[in-house]
Student: 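So that we are looking at the same thing, I have put the structure below in structure tokens.
The shown structure was predicted, so the numbers you read here are calculated from the model rather than taken from an experiment. Throughout, a chain's letter reflects where its sequence line sits, starting with A, and its residues are numbered from 1.
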There are 2 protein chains.
Amino acid sequence: MRTEVHMSTVSRALNPRTRHLVAKDVTDKILQVAEELGYRLNLNASGLRSRHSMTIGVILPDVAQAVFPETILAIETVLAARGYSLLVAHAETDYPRHRLIVEQLASHLIDGLIMTTARRHDPVIEYCIENDLPMVTIHRHEPNFPSVVNDDRQSTRLAVEHLLSLGHRRIAHVAGPPSADTGRLRRAGFVEALERAGLEPAAIEHSLRYTREEGSRCASAVFEKAPDLTAIVTASDALAIGCLDYMARHGIDCPGDVSITGHNNAPLVDAIDPPLTTVAIDLPGLGARAAELMLRRIDNPGAPPEQIVLEPRLIVRMSTISLHGKRGKGFGHAP
Amino acid sequence: MRTEVHMSTVSRALNPRTRHLVAKDVTDKILQVAEELGYRLNLNASGLRSRHSMTIGVILPDVAQAVFPETILAIETVLAARGYSLLVAHAETDYPRHRLIVEQLASHLIDGLIMTTARRHDPVIEYCIENDLPMVTIHRHEPNFPSVVNDDRQSTRLAVEHLLSLGHRRIAHVAGPPSADTGRLRRAGFVEALERAGLEPAAIEHSLRYTREEGSRCASAVFEKAPDLTAIVTASDALAIGCLDYMARHGIDCPGDVSITGHNNAPLVDAIDPPLTTVAIDLPGLGARAAELMLRRIDNPGAPPEQIVLEPRLIVRMSTISLHGKRGKGFGHAP
DNA sequence: CAGCGCATTGCAAGCGATTGCGTGTTTTTC
DNA sequence: GAAAAACACGCAATCGCTTGCAATGCGCTG
């Protein structure tokens with residue numbers, strides 16, 4: 001930097017937070033010269049001294065889940081506008097990777113962490129708590145941390161009410177992992193909605209992960225427990241498609257024999273056979289809100305943690321049909 | 001760090017590249033003590049002095065594309081094993097974002113860049129060339145840079161040959177963006193394969209992006225140009241599904257009236273209606289090879305750039321059927 | 001007009017690692 | 001057994017920026 005001013009002045013002028021300390025005309029000149037010279041400050045040096053790296057970590061559970069790209073994009077869009085970069089890490093269930101992530105945090109690589117994994121008892125979270133690293137969670141509640149979640153109870157309630165209105169009474173649930181908030185809450189909403197109608201779940205099976213394969217496995221389990229079921233509410237589109245896979249293999253027709261609802265409204269679920277009735281959640285909203293909360297948290301660490309809940313929306317397609325004037329599978333008499 | 005040795009020795013012991021400079025027993029002791037104290041070196045300080053940040057940038061074009069998650073995961077897995085983190089940036093076609101990315105590079109935030117966008121004439125690439133930042137490209141060739149690509153010519157050849165063997169003769173192509181290597185090469189493979197059979201393309205329409213909407217638009221265009229076509233080869237699954245959307249709206253049956261092939265074998269394309277015949281590319285392989293090339297490039301900048309080409313594989317499902325004993329759309333006579 | 005306060009800028013000490021150089025010690029060599 | 005080479009490690013400068021403090025100059029008040 002070659003101007004007639006001292007480098008400390010340049011530093012102050014370049015940093016929006018300290019810019020008010022330098023005279024307006026000097027600031028303008030500095031910005032102009034910096035632009036001409038293509039000067040960029042060295043974030044390593046800056047971070048070394050000021051102890052922030054201008055990068056935010058994002059932890060994803062499982063690439064296989066189609067719901068993340070949109071969320072990530074939204075996060076990045078909001079953060080990039082404030083000069084933050086995104087460091088992504090995939091952390092399925094393997095511990096070595098968790099350890100690695102913690103190490104990166106410990107290396108002061110990250111100014112904040114956005115967790116999109118819904119698993120509880122996470123060493124990464126414990127680390128954030130201990131070192132009070134700004135964290136915001138998506139898809140899960142953590143006391144004392146900002147979070148943005150879908151109203152998961154409401155999600156499955158919507159699905160159940162839809163099926164009830166179609167005349168279904170023997171409804172099973174292919175649930176998410178019990179270790180995940182999403183899994184537990186969606187299950188709770190499912191049970192509640194049935195209880196209100198004076199009904200009991202036909203069957204409930206927890207998946208271990210939100211995958212198609214798990215969906216198939218769980219389908220097998222619920223059909224075993226409740227051969228006369230007429231509908232299945234699932235906790236994710238992938239699980240629903242897994243159920244469809246199972247049913248196709250066993251000659252059970254959807255929606256003719258059994259209706260199915262998914263969850264998330266992931267890309268392409270409108271194009272599958274049959275187009276999936278599902279509960280849409282606001283993926284970009286989840287990301288954008290989370291990023292905003294993160295920025296607010298960084299600007300003002302003392303503020304009380306906000307918890308944002310977004311409303312789901314039922315999207316009816318072809319995988320659910322009315323039972324009225326139709327026989328459900330298991331009635332036992334011929335046409 | 002509180003041992004009886006000097007911090008320079010610690011630094012050397014902790015860095016695998018300089019570890020040979022210190023005695024084995026001292027190294028062991030240092031590693032052990034570091035472990036006990038939970039000591040992590042400060043990457044900002046380290047990077048400031050040594051001018052490398054231990055992070056690799058990855059630029060993605062478009063989140064909407066389902067092909068990236070697997071590739072990213074593979075990249076991260078390989079790089080994380082060597083202590084590198086991943087900085088991701090989405091760079092569709094908007095220039096402000098490109099500028100932002102270049103600025104991050106300029107801030108020495110990144111030791112290398114993996115480009116997954118196939119667009120040509122990219123300011124980011126120019127920056128890498130000028131500042132000889134290690135770069136490796138996926139899905140595109142760049143002279144003097146390592147790259148890993150699918151054999152895109154072969155991809156569409158496979159698709160065309162498959163359709164030819166089913167008796168199709170009037171085949172159209174919904175191509176990728178002409179600005180993308182993938183778009184041009186897949187188109188070239190398509191044309192070549194037809195030429196070998198002494199045939200001409202029924203129609204070719206270039207999409208502007210690999211999206212469903214563009215697929216629909218292009219479908220409209222090719223049906224306009226060649227109403228008698230019996231098959232469409234597309235440059236991506238998203239485009240293929242867009243074609244299916246269009247056909248569904250216009251009462252054209254797939255595969256009854258027109259056969260369609262996709263490209264990439266993205267998740268769920270086996271579950272759509274009809275299950276899509278597509279050309280599978282090795283998504284994790286693309287990522288893993290790219291990451292390995294990056295590491296090699298960093299270790300040994302002088303080595304000649306390797307160019308890796310992976311072989312595609314045709315996956316036949318239900319969206320393509322034989323024309324033998326069947327009438328294609330446009331023959332003009334009733335059953 | 002002296003004195004005070006405020007706004008603006010310069011000074012210089014770090015932030016925590018890396019690394020070229022130098023010194024001390026051990027091993028090799030003839 | 002002495003000189004040379006190899007090996008291990010310490011020393012201290014340095015990377016580029018931030019920031020508390022000091023210094024300067026200005027306008028304003030009494």
Side-chain angles (χ1 to χ4, degrees), chain A residues 1-35 37-55 83-85 103-111 131 133 298-299, chain B residues 1-35 37-55 83-85 103-111 131 133 298-299:
Chain A
M1 205 68 208
R2 296 291 231 62
T3 51
E4 60 286 356
V5 298
H6 193 265
M7 81 191 204
S8 62
T9 306
V10 175
S11 170
R12 283 187 272 253
L14 256 30
N15 184 340
R17 258 192 16 258
T18 53
R19 189 167 294 163
H20 65 279
L21 292 171
V22 8
K24 180 85 170 63
D25 55 337
V26 179
T27 300
D28 291 344
K29 178 105 178 259
I30 289 174
L31 289 175
Q32 178 209 322
V33 174
E35 177 71 20
L37 268 51
Y39 172 83
R40 307 270 158 248
L41 56 75
N42 181 321
L43 281 185
N44 280 324
S46 165
L48 174 57
R49 182 63 225 256
S50 63
R51 344 205 58 95
H52 48 69
S53 58
M54 297 303 286
T55 72
Y84 284 89
S85 304
E103 293 193 10
Q104 288 179 353
L105 303 187
S107 296
H108 298 161
L109 253 176
I110 288 175
D111 290 346
N131 301 56
L133 184 78
I298 288 174
D299 292 338
Chain B
M1 205 67 206
R2 297 290 230 64
T3 52
E4 58 287 356
V5 297
H6 193 265
M7 82 191 205
S8 63
T9 307
V10 175
S11 170
R12 281 186 272 252
L14 256 29
N15 184 340
R17 255 191 20 256
T18 52
R19 189 166 294 163
H20 65 278
L21 293 172
V22 10
K24 180 84 169 65
D25 54 338
V26 178
T27 299
D28 291 344
K29 178 103 178 263
I30 289 174
L31 257 34
Q32 178 208 323
V33 175
E35 176 74 20
L37 268 51
Y39 171 83
R40 308 270 158 247
L41 56 74
N42 182 321
L43 282 184
N44 279 324
S46 166
L48 174 57
R49 181 65 225 257
S50 63
R51 341 206 61 95
H52 48 69
S53 59
M54 297 303 285
T55 74
Y84 283 90
S85 305
E103 293 194 9
Q104 287 179 351
L105 304 187
S107 296
H108 299 160
L109 254 176
I110 289 174
D111 291 345
N131 302 55
L133 183 78
I298 287 173
D299 293 338

Student: Could you check how far NE2 of B:H20 sits from P of D:dA6, rounded to whole Å?
Tutor: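 Computing the B:H20:NE2 to D:dA6:P distance gives 14 Å.
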Student: Between atom CZ of B:R51 and atom CG of A:N42, what is the distance when rounded to the nearest 0.5 Å?
Tutor: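 Here the rounded value is 7.0 Å.
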Student: Measure across A:V5 and A:V26 and return the closest heavy-atom pair with its distance rounded to 0.1 Å.
Tutor: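 Scanning both residues, the minimum pair turns out to be CG1-CG1, 4.2 Å.
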Student: Could you tell me which non-hydrogen atom of A:L43 sits nearest to which non-hydrogen atom of A:M54, and how far apart they are?
Tutor: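 Closest approach of A:L43 to A:M54: CD2-CG, 4.4 Å.
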Student: Does D:dT18 have OP1 or OP2 sitting under 4.0 Å from an N or O in the side chain of A:S11?
Tutor: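 Checking A:S11 against D:dT18: at least one side-chain N or O falls below 4.0 Å of OP1 or OP2.
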Student: Base, sugar-phosphate alone, or nothing: which one does B:S8 contact when heavy atoms must sit under 4.0 Å apart?
Tutor: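 Base contact.
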Student: Restricting to non-hydrogen atoms, name the atom on B:L48 and the atom on A:A45 that form the minimum distance, rounded to 0.1 Å.
Tutor: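 Taking B:L48 first and A:A45 second, the nearest heavy atoms are CD1-CB, 3.5 Å.
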Student: Taking B:R12 for the side chain and B:R19 for the main chain, is one N or O donor matched with an acceptor at less than 3.5 Å?
Tutor: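 Side chain of B:R12 to backbone of B:R19, a donor-acceptor pair under 3.5 Å: no, none is there.
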Student: Rounded off to whole Å, could you give me the CG-to-C1' distance for the A:N44 and D:dC15 pair?
Tutor: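 Computing the A:N44:CG to D:dC15:C1' distance gives 10 Å.
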Student: Would you classify A:S46 as touching base, sugar-phosphate or nothing, given that sugar-phosphate means primed atoms plus P, OP1 and OP2, and contacts are heavy atoms under 4.0 Å?
Tutor: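 Result for A:S46 = sugar-phosphate.
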Student: Report the end-to-end axis angle of the helix from C:dC1-D:dG30 to C:dC30-D:dG1; each axis comes from five terminal pairs, and the value is rounded to 10°.
Tutor: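 The two end axes of the helix from C:dC1-D:dG30 to C:dC30-D:dG1 meet at 40°.
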Student: If you round to the nearest 0.5 Å, how far is CG of B:N15 from NE2 of B:H20?
Tutor: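 The distance works out to 10.0 Å.
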Student: Under the side-chain contact (heavy atoms from CB on, under 4.5 Å) criterion, do A:D25 and A:T27 qualify, and how do the steps go?
Tutor: CA-CA 5 Å; A:D25 55 337; A:T27 300; over 6 Å; no
Student: Regarding B:K24 and B:D28, does a basic nitrogen lie under 4.0 Å from an acidic carboxylate oxygen?
Tutor: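 Here B:K24 pairs with B:D28 in a salt bridge, since their nearest N and O are under 4.0 Å apart.
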Student: Between D:dA8 atom P and B:I30 atom CD1, what is the distance in whole Å?
Tutor: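 Going from B:I30 (CD1) to D:dA8 (P), I get 13 Å.
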Student: So where does chain A start and stop touching DNA chain C, 5' to 3', when the test is distance under 4.0 Å to a non-hydrogen atom?
Tutor: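 Footprint of chain A along DNA chain C, 5' to 3': C:dT8 to C:dG16.
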Student: Expressed in angstrom and rounded to an integer, what is the separation of A:L43 atom CG from D:dG16 atom P?
Tutor: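 Computing the A:L43:CG to D:dG16:P distance gives 14 Å.
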Student: So what does A:R51 hit on the nucleic acid, given a heavy-atom distance under 4.0 Å: a base, only sugar-phosphate, or nothing?
Tutor: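 Answer is sugar-phosphate: A:R51 comes under 4.0 Å of backbone atoms only.
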Student: Would you indicate whether the side-chain heavy atoms of B:V33 and B:L31 approach each other to under 4.5 Å?
Tutor: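 Answer no - side chains too far apart.
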Student: Provide, to the nearest angstrom, the distance between the CZ atom belonging to A:R12 and the P atom belonging to D:dT19.
Tutor: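 Roughly 10 Å, once rounded to whole Å.
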Student: Under 4.0 Å: is that the gap between some side-chain N or O of A:R40 and OP1 or OP2 of D:dG16?
Tutor: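 Answer is no, no contact under 4.0 Å.
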Student: Counting only side-chain N and O atoms of A:Y39, is one of them less than 4.0 Å from OP1 or OP2 of D:dC17?
Tutor: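 Result: yes.
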Student: Take atom NE2 of A:H52 and atom P of D:dT19, then tell me their distance rounded to the nearest Å.
Tutor: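 Atom NE2 in A:H52 sits about 6 Å away from atom P in D:dT19.
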Student: From CE of A:M7 over to P of D:dT18, roughly how many Å is that when rounded to an integer?
Tutor: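 Going from CE in A:M7 over to P in D:dT18 covers 9 Å.
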Student: What is the distance, rounded to the nearest whole Å, between atom CG of A:L48 and atom P of D:dT14?
Tutor: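 Computing the A:L48:CG to D:dT14:P distance gives 17 Å.
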